[in-house]
**Student:** 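One structure, pasted below without further comment.
All chains are named by letter (A, B, ...) in the order of the sequence lines, taking the proteins before the strands, and each is independently numbered beginning at 1.
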Amino acid sequence: MLYVVLFFTFFSLFLYVLLGGADFGAGIVELFSSRENKELNKLTVYKVMGPVWEANHIWLIILIVILWIAFPAYFNIFIIYLHIPLTLVLLGITMRGVAFIFRHYDAVIDGTQVWYNRMFRISSLITPIFLGMSFGALVSGKIVVTDDYSNTTFAEIFMYPWFNTFTVLTGLFYAALCAFLASTLLIGETEGDIRKMYSRKSAIFTVVLVLVGGAVLFYGYWYDLVFIKEFLQNKISLIAIALSALFLIPLWFAIGKQNRIQTRIYAGLQILLVIFAAVHTHFPRLIITSTSEVNMLENTAPESVMYVLGISLIIGGGIILPGLFHLMKSFNMIRIPTRSGKHTAED
Amino acid sequence: MENLDYARLQMAFTLGFHIIFACIGMVMPFFMVVSHKKWLNTRKPIYLKLTKAWQRGVAIFFVTGAVSGTALSFELGMLWPEFMKHAGPVIGMPFSLEGAAFFVEAIALGFYLYGWKKLPETFHWITGIIVGISGVISGILVVSANAWMNSPTGFDVVNGAYVNIDPVKAFLNDAWFTQALHMTLAAFAATGFAVAGLHAIQILRNKRPDLHKAAFKIAIVFGAVAALLQPISGDISAKDVAQRQPVKLAAMEAHYETQKGAPLYIGGIVDAENKTVSNKLEIPKALSFLAFGDFDAEVKGLNDFPEEDLPPVPVVHYAFQTMVGIGSLLMLAALIYFISLKKKSWLNNKKYWWLFSILTPLGFVAVEAGWVVTEVGRQPWIVYNIMRTSDAVTPMPGLKFSFYLYVTVYAILAAMVTWLMHRQIKVLNNSIG
């Protein structure tokens, strides 16, 4: 059962990075658009993401619930020492969620819309940055686990571990990844010159992603971060990264051709490979603190709990996944406004 | 105030906020699908208009409830890491099932909101029903996890570690049914009266009375039926609490002396230092009867419990009085509504609409008061008789800042949602047709 639970843990992580990421990215793409494109982007995102919007974010809740039930020791460290960035993530999620719904469900359209839009775009950028910083903090080996606060300061325990150059770089990396995913996904949902705009954005964000990813690796290597060192020595992880880099070539062509299906497959594969490479290096020791590494396979919940959780996840997955698939498929045919064309307002 | 106090305040504040949004998000879909069904049956445009207006309400409340719920799932760990470390595996089951139910709700809502004219009519309507049902199921599951804190079962404590965990037994703890029933009815009563009340205000203002009367009728039926059933559930809960958490019962009633044939206090000012209650109305032997079904049963008083195990009595007592008082008021209003079905002339009387207008916020006041009774009444325990709240709190100092942050953000959100609802109603009133 442990492996069923682990499967769902990583499956939820992957889907959250992919779907939640595309969702965050949509706001980032909007933020970095010209005024006119911002409005088009808003309509496009509403139609494409609207139906699956909430579902995209439930993967985070599933992930958190699995962590606290099955891996309490792991959850404990992450929740105590990353209190501040997680609070900021939560604020970001809250602001973003309500801004999205306010801007589409407010009965009156007037000047306030500007504020909803701003709130949505800015929190779309900030939230994944703090999420990425939290991920970075977990593997950067700077978290000090202690019961004794007499020799340390608040900043040493609750600030520096998540607020440093490496974590900022991982935060930016995750934000870039989100923007890359969103722009690539949206290529296939639009037509005409908007499609061209998204494919241009997708190309730009691919470059940004590769550059920031390179910076993360380079910085980690330069400053001797265990995670990066081991990552660069792990053959399978390196092969995965190399494959992901290789897929950049067909992805690039697919973006150029504005191909709907291929762009998605290659983008999804790349993210899968990147996550696989990162997890593979360190599994099962996923949290690296200043003194020890927390092993996901030790201190797990007892077998009886794992059994019930595993069964719940299989049943839940059996209900949810077909439903989710059907939902995505049902609304796939929705066509998005073209610049010249008309669009009907959705109720 | 200490860190612990701020952690408790923050939890209380965020939970109090979430409960309102979650209740509305859980109950309003039912109003929406009833109105939708009426539109499908009669094709009267007001029902379509109403369905769409309520649908916007559902979307806004669903999302606000969902994001505040996400925040809570993190906060449980962020504020109470010791609690989650031990209790997480034990009560994980209802939470994981809740995740699934919530997921179904989100998927169904996706279909519903975006399915107009795109999905077959009946299928579209059914997705609305699924939104409602899965919402209620998630509510029940979350409450069952809370019930475990009041009635911890399904594990043994050995040297501070929780062993021999039986998640199913923990999930189906002694309190889950009574608490879930009480909360679900409360959600329906509070939301029913609140929505009906908002429409009653519009009827009083003579804005689109046709539309608002139709809306009032749908909402009030749910609220009134729930309000009439609630005393039965309250009675079951009281007997259950008397058995499981005698100290909570004593605090609810501010009952200091152990006594056979104990009286029921109505109202009263609690003097916690001198352990007395003044200015109360006493109903002889009623507490013994309500708690144990026997007029002469012994009710253990607060004085017979260790001082360090007592909750803050005045808070619990006043909250309990508030809840019961409002509950009785809503029950009376429910009766008035059902009588008005026969006496149609009442509907033309302004006082009738005034009554329901005034009741608008009261159901939620009762819901909040009820949560104060449950949560504060359990103090100083986070897991009743097993773990103290003070042992569960995070070691991170400076929680006062996060408390202020949350208060600011949630206060702004509450104001914004209220303002949005105001705009929805304005647009609804000014719409043609």
Side-chain angles (χ1 to χ4, degrees), chain A residues 50-55 57-58 60-62 64-66 68-70 72-73 75-76 79-81 83 86-87 89-91 93-98 100-102 104-108 147 149 154 157-158 301-302 304-305 308-309 312-313 315-316 319-320 323-324 326-327 330-331 334 346-347, chain B residues 52 55-56 59-60 62-64 66-71 73-75 77-78 81 84-86 88-90 92-93 95-97 99-100 102-104 106-111 113-116 118-119 163-168 394-398 402 405 409 413 416 420 423-424 426-428:
Chain A
V52 288
W53 184 82
E54 195 50 54
H57 290 272
I58 297 177
L60 178 67
I61 300 180
I62 305 273
I64 280 292
V65 170
I66 295 179
W68 97 42
I69 299 171
F75 180 73
N76 202 251
I79 208 84
I80 293 178
Y81 295 97
H83 191 114
L86 290 177
T87 302
V89 167
L90 289 178
L91 284 178
I93 289 177
T94 308
M95 299 323 275
R96 191 176 175 281
V98 297
F100 181 84
I101 209 78
F102 288 176
H104 293 297
Y105 287 89
D106 190 348
V108 183
D147 289 326
Y149 298 96
F154 179 87
I157 294 180
F158 296 107
S304 59
V305 173
V308 172
L309 177 63
S312 308
L313 287 171
I315 296 172
I319 300 170
I320 289 161
L324 190 62
H326 187 58
L327 179 68
S330 296
F331 293 102
I334 300 174
E346 199 64 31
D347 252 333
Chain B
K52 294 216 171 174
Q55 167 190 294
R56 283 168 183 268
I60 291 171
F62 177 82
V63 169
T64 321
V67 290
S68 56
T70 309
S73 69
F74 275 82
E75 257 181 287
M78 286 160 72
M84 286 312 289
K85 190 169 155 185
H86 297 289
V90 190
M93 190 184 165
F95 277 114
S96 54
L97 292 174
F102 187 48
F103 224 129
V104 171
I107 292 171
L109 191 68
F111 272 116
L113 292 180
Y114 291 78
W116 291 95
K118 293 191 187 80
L119 296 172
V163 295
N164 301 330
I165 297 173
D166 180 346
V168 180
T394 179
M396 194 189 91
S402 97
L405 188 71
V409 170
L413 273 186
M416 278 175 84
L420 279 172
R423 278 156 73 105
Q424 300 280 4
K426 218 159 95 182
V427 168
L428 188 65

**Student:** Between A:Ser304 and B:Asp166 (side chain of the first, backbone of the second, donor and acceptor by atom type, cut-off under 3.5 Å), is there such a pair?
**Tutor:**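 Answer holds: no.
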**Student:** Quick one: what part of A:Leu91 sits under 4.5 Å from any heavy atom of chain B, side chain, backbone, both or neither?
**Tutor:**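 Contact with chain B is through the side chain of A:Leu91 alone.
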**Student:** Atom OG1 in B:Thr64, atom CD1 in A:Ile101: separation rounded to 0.5 Å?
**Tutor:** 8.0 Å
**Student:** Go through the atoms of A:Leu90 and report whether side chain, backbone, both or neither lie under 4.5 Å from a heavy atom of chain B.
**Tutor:**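 Contact with chain B: side chain only.
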**Student:** Taking side chain as everything from C-beta outward and backbone as N, CA, C, O, which of these in A:Ile62 sits under 4.5 Å from a heavy atom of chain B? Side chain, backbone, both or neither.
**Tutor:** side chain
**Student:** With chain B, which of A:Val308, A:Leu86, A:Asp106, A:Thr94 has the greatest number of heavy-atom pairs at distances under 4.5 Å?
**Tutor:** A:Asp106
**Student:** Tell me the closest heavy-atom pair linking B:Ala100 and A:Gly316, and the distance in Å.
**Tutor:** CB-CA, 4.2 Å
**Student:** Count the heavy-atom pairs under 4.5 Å between each of A:Leu309, A:Val89, A:Ile80, A:Ile66 and chain B, then report the option with the highest count.
**Tutor:** A:Ile80
**Student:** Below 4.5 Å, heavy-atom pairs only: which of A:Phe102, A:Trp68, A:Phe75 has the largest tally toward chain B?
**Tutor:** A:Trp68
**Student:** Of all the heavy-atom pairs spanning A:Pro72 and B:Lys85, show the shortest one and how long it is.
**Tutor:** CB-O, 3.6 Å
**Student:** For A:Ile61, is it the side chain, the backbone, both or neither that has a heavy atom under 4.5 Å from a heavy atom of chain B?
**Tutor:**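 Only the side chain of A:Ile61 comes within 4.5 Å of chain B.
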**Student:** Which region of A:Val305, side chain (C-beta onward) or backbone (N, CA, C, O), has a non-hydrogen atom less than 4.5 Å from a non-hydrogen atom of chain B, or is it both or neither?
**Tutor:** both
**Student:** Rounded to the nearest 0.5 Å, how far does OH of A:Tyr105 lie from CD of B:Gln55?
**Tutor:** 6.0 Å
**Student:** Can you sort out the partners of B:Phe102 under ring pair (Phe, Tyr, Trp, His ring centres under 6.0 Å), two or more places apart, ordered by chain and number?
**Tutor:**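 Result, ring pair (Phe, Tyr, Trp, His ring centres under 6.0 Å) vs B:Phe102: B:Phe62.
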**Student:** Do you know which of B:Met84, B:Lys426, B:Met93 has the most heavy-atom pairs under 4.5 Å to chain A?
**Tutor:** B:Met84
**Student:** Grab the two heavy atoms, one from B:Gly88 and one from A:Ile69, that are nearest each other, plus how far apart they are.
**Tutor:**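 The pair with the smallest heavy-atom distance is O-CG1, 3.9 Å.
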**Student:** Testing the basics here: between B:Pro397 and A:Phe158, what is the closest heavy-atom pair and its distance to 0.1 Å?
**Tutor:**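 That closest heavy-atom pairing would be CD-CE1, 3.6 Å.
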**Student:** Heavy-atom distance under 4.5 Å to chain A: side chain of B:Leu109, backbone, both or neither?
**Tutor:** neither
**Student:** Who wins among B:Val90, B:Leu97, B:Leu420 for the most heavy-atom pairs under 4.5 Å with chain A?
**Tutor:**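 Looking at each of B:Val90, B:Leu97, B:Leu420 in turn, B:Leu420 comes out on top.
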**Student:** Mind ranking B:Ser68, B:Ser73, B:Gly99 by heavy-atom pairs under 4.5 Å with chain A and telling me who comes out on top?
**Tutor:**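 Going by pairs under 4.5 Å, I would pick B:Ser73.
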**Student:** Pick whichever of B:Val104, B:Val67, B:Ile107, B:Leu413 has the most heavy-atom pairs under 4.5 Å with chain A.
**Tutor:**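 It is B:Ile107.
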**Student:** Side chain, backbone, both or neither: which part of A:Ile93 has a heavy atom under 4.5 Å from chain B?
**Tutor:**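 For A:Ile93, the contact with chain B is made by backbone and side chain together.
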**Student:** Please find the pair of heavy atoms, one from B:Met396 and one from A:Phe154, that lie closest to each other, and give the distance.
**Tutor:** CG-CE1, 3.9 Å
**Student:** Let's test your reading of the structure: which of A:Ile319, A:Ile315, A:Leu60 forms the most heavy-atom pairs below 4.5 Å with chain B?
**Tutor:** A:Leu60
